[in-house]
There are 2 protein chains.
Amino acid sequence: MSELKPGRSFVSAQQVAELAGVSRSAVSRTFTDGASVSETTRKKVLEAAETLGYHVNHLARSLIHEDSGIVCLIGADINTPYHSRLLDAITRRLQAINRVAMVINTSGDSDSVDAALRQTLNYRANATVVLSGTPPASLINTCINSGQHVILINRDDHLDGPENITVDNAAAAREAFHMLHRAGCRRIAVVSSQAGTPSLVARERAFEAAAGEAGLSVTITRAGPTGYGAGFEAGRLLLSGSDRPDAAFCVTDLLACGFMDAARVEFGMNVPAELCVVGFDDIEQAGWASYQLTTFRQPIDQVADHITKLLDSDDPEPAQGGRVCFHADPVWRKTVRPK
Amino acid sequence: MSELKPGRSFVSAQQVAELAGVSRSAVSRTFTDGASVSETTRKKVLEAAETLGYHVNHLARSLIHEDSGIVCLIGADINTPYHSRLLDAITRRLQAINRVAMVINTSGDSDSVDAALRQTLNYRANATVVLSGTPPASLINTCINSGQHVILINRDDHLDGPENITVDNAAAAREAFHMLHRAGCRRIAVVSSQAGTPSLVARERAFEAAAGEAGLSVTITRAGPTGYGAGFEAGRLLLSGSDRPDAAFCVTDLLACGFMDAARVEFGMNVPAELCVVGFDDIEQAGWASYQLTTFRQPIDQVADHITKLLDSDDPEPAQGGRVCFHADPVWRKTVRPK
DNA sequence: GCAGCCGTTGCACATTTGTGCAAAGCCAAA
DNA sequence: TTTGGCTTTGCACAAATGTGCAACGGCTGC
């Protein structure tokens, strides 16, 4: 008879079996879908499990199956509106398909992406979703060789091997330019950040190229990290000069909010009469009455759905790897003049 | 000789041992701190592990030690500024003490807190931190009996057993009243939500009580869930009447932002000249130039530090269970008239 | 050269679970 | 009653790891 002191550690199937008067196998089969147990023993086992507070040890279960049920989400800046919404959408869907999310926060030191990917491997995660940051290729290969899914979001590097989910930043940025151009804007600024993320760079480049095709040149300002403060600072710099821009494409809604606040509070400007603004992401604040920001909606639900499809083993027709690209649709609000 | 096809599954210590020409024990000891291995075999093992892409299986390791290194974070609305910041702070610190965070999102169905707590037990989590929601007492007891830490944040129920971390909502709400009262406000509204969370209720009650002591009565409006939209709606309702309030205590910054926007955009009111506003949480947006909201700062870092202290086994003097209460300090900005 | 000591190594067992295989039990039909 | 078939059950092994114990090797001091 095993020790039965209830106060210290987890209950094992052995203890349940002894209390129920059956073999440990019977306990195991009771908690395994599709296994053969008679109704009477099942009942005895469930009752014993209930009184002892037994819960199947998924760690041990994962030793046998190759499926741990764990999905690692690696990302930085998860306190940011866009990232936290993405995290919310993904975790919710993962639970719906019986996976559990392990979140690794790579804000802070730069080499922590390495450590994060190693954790992923240590815990035999079923898949790894990289929301931001640049993981070293060697570790990615280890993940894939070990049979893990690796899903990169908004990374244009690492072409082969991992599954890539991207947003068509270039198309949206071109569309942003034409929105502003059609509104009559000719002195257009681009407000970006010093982060240099592939997404942000793609938006800058495509916007600049579209402007070039229309015979316009743009000035790009990168006043700090991708956030409200950098947008505000960019506004202060750009609008204090003699030839103010009449429009700005902010590569992020947070930058746009900061930029608009600088324009209105520091310079008393009227948006969109004197200054048109277009953002990117469609964070919640973009819809607030103080901003009413015209922007592009990140296809967060589509991205999360696609991840689900990649990982759901019960899906009749699971999506296959490679590259997927979703479109970011414009959201018309009030920071661009109509017509 | 084990199968050595690299393309399918995880590498085991056995395979590393065979390649390095040592026993499996030597491999295990190489990756165990403080175990006795000679420098030469350690080197051979590390080299073999590197070429094969070996990573210690933490699941198997956790079978032996009782320490899985996993900490479950259970919460809803993680896309909200306050919750996402809390999540960010906690995950960051957990990694610093070699724990990994498993996030369970309980937005959605109401009974998902049960399921979340069961997951916690299934994965033998070292500890469970409940950020929001009301877990059933029976499951909490199972967690504690199994040797888990259970940490409840901002829950005033469940007094014994789990460790409680709370914020002194009542003191802050009283202070909020006196700030408004001293500013000369006499027709004060309380803007709350239909959520009925213990924190929110505590703020409402304490504010109302403080007003009562000063001989004032307040009207409480609950126009929807705890968010910008409900604050906006509350503003619309409260300010359209004939006797407008001259101040509002919003139990959340999000509500305050919505309320202010309604006041300014829908009614053209001037804050703080005609209307003083006090919020709670000190989310990032409270500091934006458009709001400059006077509010109370959630002691997020203190809470996260305390959790760390509770869980860090290396800590020389770990904090002991029971109840801890942190103070929410006022942050003076510009939505309350000075003097 | 030999005894003693210390660092290193391998064997075997422990952790918890799922499952193939064979035995056993049960029910019905002949 | 016996036989056949089907369900249920227990044994034993598998998964990957940590570790106590004993053995082994090498080094040093006498």
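Each chain gets a letter, A, B and so on, in the order the sequences are listed, and its residues count up from 1. What you see below is based on every heavy atom in this structure, not just the backbone, and it leaves out hydrogens, waters and symmetry mates.
- At a threshold of 4.0 angstrom between heavy atoms, the contacts of Ser25(B) include nucleobase atoms, whether or not backbone atoms are also involved.
- Listed here is the closest heavy atom pair of Ala26(A) and Val37(A): O-CG1, 4.4 Å.
- Contact detail for Asn126(A) and Gly69(A): the closest heavy-atom pair is ND2-N, 3.5 Å.
- Ser62(B) comes within 4.0 angstrom of nothing in the nucleic acid, heavy atoms only.
- The nearest whole Å value for the distance from the NE2 atom in His65(B) to the C1' atom in dA16(D) is 13 Å.
- Between Ile64(B) atom CD1 and dA16(D) atom P there is a gap of 13 Å when expressed in whole angstrom units.
- No donor-acceptor pair under 3.5 Å is formed between the side chain of Thr91(A) and the backbone N or O of Asn105(B).
- Val27(A) comes within 4.0 angstrom of nothing in the nucleic acid, heavy atoms only.
- Across every non-hydrogen atom of Phe31(A) and Ala49(A), the tightest pair is CZ-CB, 3.9 Å.
- In this structure, Ser36(A) reaches the bases: a heavy-atom distance under 4.0 Å links it to at least one base atom across the strands shown.
- Straight-line distance from the NE2 atom of His55(B) to the C1' atom of dT17(D): 16 Å, rounded to whole Å.
- Mapping Thr40(A) and Leu63(A) onto DNA chain D by nearest heavy atom places Thr40(A) at the nucleotide closer to the 5' end.
- Nucleotide dA15(D) holds its P atom 12 Å from the CZ atom of Arg24(B), rounded to whole Å.
- The residue Thr32(B) sits close only to the backbone: its heavy atoms come under 4.0 Å of sugar-phosphate atoms, none of a base.
- Going from atom NZ of Lys43(A) over to atom C1' of dT9(D) covers 20 Å, rounded to whole Å.
- A sub-4.0 Å separation between OP1 or OP2 of dT7(D) and a side-chain N or O of Ser38(A) is absent.
- Rounding to whole angstrom units, NE2 of residue His58(B) and C1' of dA15(D) are separated by 18 Å.
- In terms of heavy-atom proximity, Val16(B) sits nearest to Val45(B) at CG1-O, 3.9 Å.
- Atom CZ in Phe10(B) sits roughly 18 Å away from atom C1' in dA14(D) (whole-Å rounding).
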Q: Go through the steps to decide whether Asp301(A) and Arg93(A) satisfy the test salt bridge (Lys or Arg N to Asp or Glu O under 4.0 Å), and finish with yes or no.
A: CA-CA 10 Å; Asp301(A) 287 331; Arg93(A) 281 174 180 74; 3.3 Å; yes

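- Contact detail for Arg124(A) and Leu59(B): the closest heavy-atom pair is CB-CD1, 4.0 Å.
- Taking the 5' to 3' direction, DNA chain C first and last meets chain B under 4.0 angstrom from a heavy atom at dT8(C) to dT17(C).
- There is no side-chain donor-acceptor pair under 3.5 Å between Thr197(A) and Ser199(A).
- At the phosphate of dA16(D), neither OP1 nor OP2 sits under 4.0 Å from any side-chain N or O atom of Tyr123(A).
- When rounded to the nearest whole Å, the span between CZ of Arg61(A) and P of dA16(D) equals 18 Å.
- Nucleotides of DNA chain C nearest to Val11(A) and Ala26(B) differ in position, and the one nearer the 5' end is that of Ala26(B).
- Residue Arg42(A) is classed as having no contact, given no heavy-atom separation below 4.0 Å to the nucleic acid.
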